[in-house]
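Lettering follows sequence order; numbering is per chain, from 1.
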Amino acid sequence: MQPFKQQTLRISNSLTGKKEVFQPLKEGYVGMYVCGPTVYSNVHLGNCRTFMSFDMIFRYFKHLGYKVRYVRNITDAGHLENDADDGEDKIAKKAKLEQIEPMEVVQRYTVDFHETLQKLNLLPPSIEPTATGHIIEQIEIIKEILDKGFAYQINGSVYFDVVHFNKTHDYGKLSGRKLEDMITNTRALAAQDEKRNPQDFALWKKAEPQHIMRWPSPWGDGFPGWHLECTAMSTKYLGETFDIHGGGMDLKFPHHECEIAQAEASNGNSPVNYWLHANMLTLNGKKMSKSTDNNIYPNEIFSGENNILSKAFQPSVVRFFMLQAHYTSILDLSNDALLASEKGYYRLMDGVRLIGDLPTGAITHFDITSWQQKCYDAMNDDFNTPILISHLFEGVKHINLIKEGREQITVEDKVTLKTIFSAFIFDVLGLEDQQGTDNDSDTLHGVVNLLIHLRNQARANKDYATSDQIRDELMAMGIQLKDGKDGTTFSLN
RNA sequence: GGCAUCGUGGCCGAGUGGCUAGGCACAGCUCUGCAAAAGCUUGUACAGCGGUUCGAAUCCGCUCGAUGCCUCCA
């Protein structure tokens, strides 16, 4: 099945600043690269939002029937803390602090990264390459850039010559900056004597004797510049030009700008057709960041062990909360917002669970085909998950009406409804029904159903003291009874 | 200082020239032994000021405020 032939997908391209119809280089195939994390500490929730946004995009492409090669790297080579010569790389710094090998740091936090993303139900990418595994490829690109005259070598380091590059190319086209402005407005930074211009960036840095992560190169022992690894790995696995490059908004400049420059300088091709940027997650109105203290770790949300939120929230609730905002908008995390999302999430999941037991009738009271297309239209409009979710709630409303016997649905439409719900909620949005998934849920269901039976007997005998006691005490345990036309059901909150 | 983004009803959050998502909260009603759940109904909100237009939350200008990038960051 190739639904993409029926759907016209439009996506926001940061390079042009416009929404454009998505045209892959090769029909039916999508190549997508997303800048992954630097693994020097636990992944924080802001990181997760970005990767979740692209996970949702990955999932939608797959749902549309595309064959997607999704590459997301792991940055495991340490990069400089700052531009000064005494700058330390983050991984080495952490290694020194914890008295372990840099690669132990990398391993530990790579595992944490994978575990956390798995809890949030992110699919693994097709390829997850590491920077240290592609040193040779990076060196080859530096050679090409040097050959083309867009870089210069000095004291065992190699720098990209931005000013020279800008004479024949457009440095700043992605971020909307002009080199002249940058030159005029450069802040005074210490110790940049090696570079011809402050705008130049490192392709290769000479390793000082105390620097642990180092590799041999034609220019001596050193390590690659930060921007280079993405160019090397995206080119290797997706080609010199590929469909989509994604990442957080904060990488737009300079990181992605430099990637464009490196690719154009080395092979002459503009590397990416569609640049996608996911916006920031803020906490208390400020950007979440590892380098400041303004952050919360996913596990602290799942466990409730934090002093920001009033209770613990399931990963799926967090995911749902994030998907209720558009990926290009700034989203602010707060306790109230999370509580509101949690309730909505449960309502949605209750609706999904009800579909199977819905009675069927002679007609369907709503136009399921046009409703389905509305769901697609939402996603086709730059992956508008908030709108999709609003349509899903429309669906839930109909489900509840059918359940109460106020509307009807035909047998065929019921099957369609279930298929659409399942496709969008579980496949595209990647939500999980995390209620009642315990191993003992069969036992639990039996017990609760017994209590429901006893309560209804008490009610029939007008023994309301007993019936209310059963109801209220179950409620206190997080089991909510729901009296409907055809008997009582329950849900676990 | 430069560049960029944003400011939507009690809260969160879509929309982006006329037909004004959705969730949560609140109120009324239906249902109920009472509730809860579910359904129905109600909210004319778009920072401020000026302009363009038959018509603007949506376009333009200014002001104010917030945030991001300009240095490692998703």
Asker: Does Leu123(A) reach the side chain of Tyr70(A), with side-chain heavy atoms less than 4.5 Å apart?
Answerer: no
Asker: Identify whether any heavy atom of Leu331(A) sits under 4.0 Å from a base atom; if not, whether one sits that close to sugar-phosphate; answer base, sugar-phosphate or nothing.
Answerer: sugar-phosphate
Asker: Looking at A74(B), A36(B), G39(B), which one has an atom nearest to any side-chain atom of Asp250(A)?
Answerer: A74(B)
Asker: Would you mind reading off the distance between Gln324(A) atom CD and C11(B) atom C1', rounded to a whole angstrom?
Answerer: 12 Å
Asker: Which value, in whole Å, describes the distance between the C1' atoms of nucleotides A74(B) and C11(B)?
Answerer: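 Result for the C1' pair: 27 Å, nearest Å.
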Asker: Please work out if Ile387(A) contacts a base, only the sugar-phosphate, or nothing of the nucleic acid, heavy-atom cut-off 4.0 Å.
Answerer: base
Asker: Categorize Ala325(A) for me: base, sugar-phosphate, or nothing, with a 4.0 angstrom heavy-atom threshold over every strand shown.
Answerer: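 Answer is sugar-phosphate: Ala325(A) comes under 4.0 Å of backbone atoms only.
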Asker: Using the C1' atom as the reference point in each nucleotide, state the distance between G7(B) and A47(B) in Å, no decimals.
Answerer: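 That atom pair is separated by 6 Å.
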Asker: Any strand is fair game: report the nucleotide pairing with A21(B) by Watson-Crick or G-U wobble, both distances under 3.5 Å, or none.
Answerer: none
Asker: Without swapping roles, check the side chain of Thr132(A) against the backbone of Asp76(A) for a donor-acceptor pair under 3.5 Å.
Answerer: no
Asker: Would you measure the distance from the C1' atom in U58(B) across to the matching atom in G17(B) and give it in whole Å?
Answerer: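 Result for the C1' pair: 6 Å, nearest Å.
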Asker: Nearest heavy atom decides the nucleotide; on that basis, is Lys343(A) or Lys462(A) closer to the 5' end of RNA chain B?
Answerer: Lys343(A)
Asker: Given that both distances must come in under 3.5 Å, which nucleotide forms a Watson-Crick or G-U wobble pair with G39(B)?
Answerer: C29(B)
Asker: Flag this pair as yes if the NZ/CZ of Arg72(A) is under 6.0 angstrom from the six-membered ring centre of Phe51(A) and inside a 45 degree cone about the axis; otherwise no.
Answerer: yes
Asker: With a 4.0 Å cut-off on heavy atoms, is Ser467(A) in touch with a base, just the backbone sugar-phosphate, or nothing at all?
Answerer: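 If one applies the 4.0 Å heavy-atom cut-off, Ser467(A) turns out to touch a base.
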Asker: Can you tell me the Watson-Crick or wobble partner of G68(B), both distances under 3.5 angstrom?
Answerer: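 G68(B) is paired, partner C3(B).
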Asker: Taking atom P in both C19(B) and U32(B), what distance in whole Å separates the two?
Answerer: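 These two P atoms come out 40 Å apart once rounded.
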Asker: Roughly how far apart, to the nearest Å, are G1(B) and C60(B) at atom C1'?
Answerer: 26 Å
Asker: Over how many whole Å does the gap from Ile479(A) atom CD1 to A35(B) atom P extend?
Answerer: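 So the two atoms are 24 Å apart, to the nearest Å.
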Asker: Leu339(A) near the nucleic acid: base, sugar-phosphate alone, or nothing, with a heavy-atom cut-off under 4.0 Å?
Answerer: nothing
Asker: In terms of side-chain heavy atoms of Arg406(A), which of U30(B), A14(B), C12(B) is nearest?
Answerer: U30(B)
Asker: Measuring only the C1' atom in each nucleotide, how far is A35(B) from A56(B)? A whole number of Å is fine.
Answerer: 47 Å
Asker: Measure from NZ on Lys252(A) to C1' on U71(B) and round the result to the nearest Å.
Answerer: 19 Å
Asker: Indicate the atoms forming the closest heavy-atom contact of His326(A) with Arg49(A), along with that distance.
Answerer: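 Heavy atoms only, the tightest pair is O-NH2, 3.0 Å.
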Asker: Quickly work out the Leu348(A) CG to G22(B) C1' distance and round it to whole Å.
Answerer: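 Interatomic distance, CG of Leu348(A) to C1' of G22(B): 11 Å.
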Asker: Describe the nucleic acid contact of Gly172(A) in one word from base, sugar-phosphate, nothing, applying a heavy-atom distance below 4.0 Å.
Answerer: nothing
Asker: So if I take every side-chain heavy atom of Asp468(A) and compare against A74(B), U16(B), C34(B), which nucleotide ends up nearest?
Answerer: C34(B)
Asker: Which of these nucleotides, G13(B), A37(B), A35(B), is closest to any side-chain atom of Glu404(A)?
Answerer: A37(B)
Asker: By nearest nucleotide on RNA chain B, pick out whichever of Met249(A) and Phe393(A) is the more 5' one.
Answerer: Phe393(A)
Asker: Between Ser329(A) and Asn279(A), is there a side-chain donor-acceptor contact under 3.5 Å, judged purely by atom types and distance?
Answerer: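 No donor-acceptor contact under 3.5 Å links the two side chains.
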Asker: Please check the phosphate of U32(B) (OP1 and OP2 only) for any side-chain N or O of Arg459(A) closer than 4.0 Å.
Answerer: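 Answer no for this pair, as no side-chain N or O of Arg459(A) is under 4.0 Å from OP1 or OP2.
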Asker: Closest to the Arg455(A) side chain: U67(B), U16(B), A35(B)?
Answerer: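 The answer is A35(B), which lies nearest to the side chain.
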Asker: Is there a donor N/O on one and an acceptor N/O on the other, under 3.5 Å, for the side chain of Arg471(A) and the base of A35(B)?
Answerer: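 When only heavy-atom distances are counted, Arg471(A) does reach the base of A35(B) through a donor-acceptor pair under 3.5 Å.
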Asker: Work out how far the C1' atom of G48(B) is from that of G15(B), and round it to whole angstrom.
Answerer: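 That atom pair is separated by 22 Å.
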Asker: Of the nucleotides G13(B), G33(B), A36(B), which one has an atom closest to the side chain of Pro386(A)?
Answerer: G13(B)
Asker: Using atom NZ of Lys205(A) as one end and atom P of U71(B) as the other, report the distance to the nearest whole Å.
Answerer: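 Distance, rounded to whole Å: 14 Å.
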Asker: Is there side-chain contact between Lys482(A) and Asp350(A), with heavy atoms separated by less than 4.5 Å?
Answerer: yes
Asker: Mind checking if Gly46(A) touches a base, just sugar-phosphate, or nothing, with heavy atoms under 4.0 Å?
Answerer: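 Since a base atom lies under 4.0 Å of Gly46(A), the category is base.
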Asker: In whole angstrom, give the distance that lies between atom CG of Asn456(A) and atom P of G33(B).
Answerer: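 After rounding, the reported distance stands at 11 Å.
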Asker: Base, sugar-phosphate alone, or nothing: which one does Phe253(A) contact when heavy atoms must sit under 4.0 Å apart?
Answerer: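 Sugar-phosphate, no base atom in range.
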Asker: May I ask you to evaluate whether Ser390(A) reaches the phosphate of G23(B), defined as a side-chain N or O under 4.0 Å from OP1 or OP2?
Answerer: no
Asker: From the options G2(B), C11(B), G33(B), select the nucleotide whose nearest atom is closest to the side chain of Asp336(A).
Answerer: C11(B)
Asker: Would you say the side chain of Ile260(A) lies within less than 4.5 Å of the side chain of Val272(A), judging by non-hydrogen atoms?
Answerer: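 With C-beta onward as the side chain, the pair stays apart.
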Asker: Considering just the side-chain nitrogens and oxygens of Asn400(A), establish if one lies under 4.0 Å of OP1 or OP2 belonging to A37(B).
Answerer: no
Asker: Which whole number of Å gives the distance between the P atom of C31(B) and that of A36(B)?
Answerer: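 That atom pair is separated by 14 Å.
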Asker: ring-ring contact (aromatic ring centres under 6.0 Å, His included) with His255(A): which of His227(A), His277(A), His245(A)?
Answerer: His227(A)
Asker: Between the side-chain atoms of Asp483(A) and the base atoms of A35(B), is any donor-acceptor pair under 3.5 Å?
Answerer: yes
Asker: Using Watson-Crick or G-U wobble geometry with both distances under 3.5 Å, which nucleotide pairs with C59(B)?
Answerer: G51(B)
Asker: Expressed in angstrom and rounded to an integer, what is the separation of His227(A) atom NE2 from A74(B) atom P?
Answerer: 13 Å
Asker: Which nucleotide wins on minimum distance to the side chain of Arg347(A), given the candidates A35(B), A38(B), G22(B)?
Answerer: A38(B)
Asker: Would you kindly give the CE-to-C1' distance between Met280(A) and G68(B), to the nearest whole Å?
Answerer: 8 Å
Asker: Please step through salt bridge (charged side-chain N to carboxylate O under 4.0 Å, His left out) for the pair Arg59(A) and Asp55(A), ending with a clear verdict.
Answerer: CA-CA 6 Å; Arg59(A) 284 166 174 274; Asp55(A) 179 63; 2.8 Å; yes
Asker: Hey, is the side chain of Lys397(A) poking within less than 4.0 Å of OP1 or OP2 on C40(B), counting only N and O atoms?
Answerer: yes
Asker: C24(B), C3(B), A37(B): which one has an atom nearest the side-chain heavy atoms of Ala340(A)?
Answerer: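 Among C24(B), C3(B), A37(B), the one nearest the side chain of Ala340(A) is C24(B).
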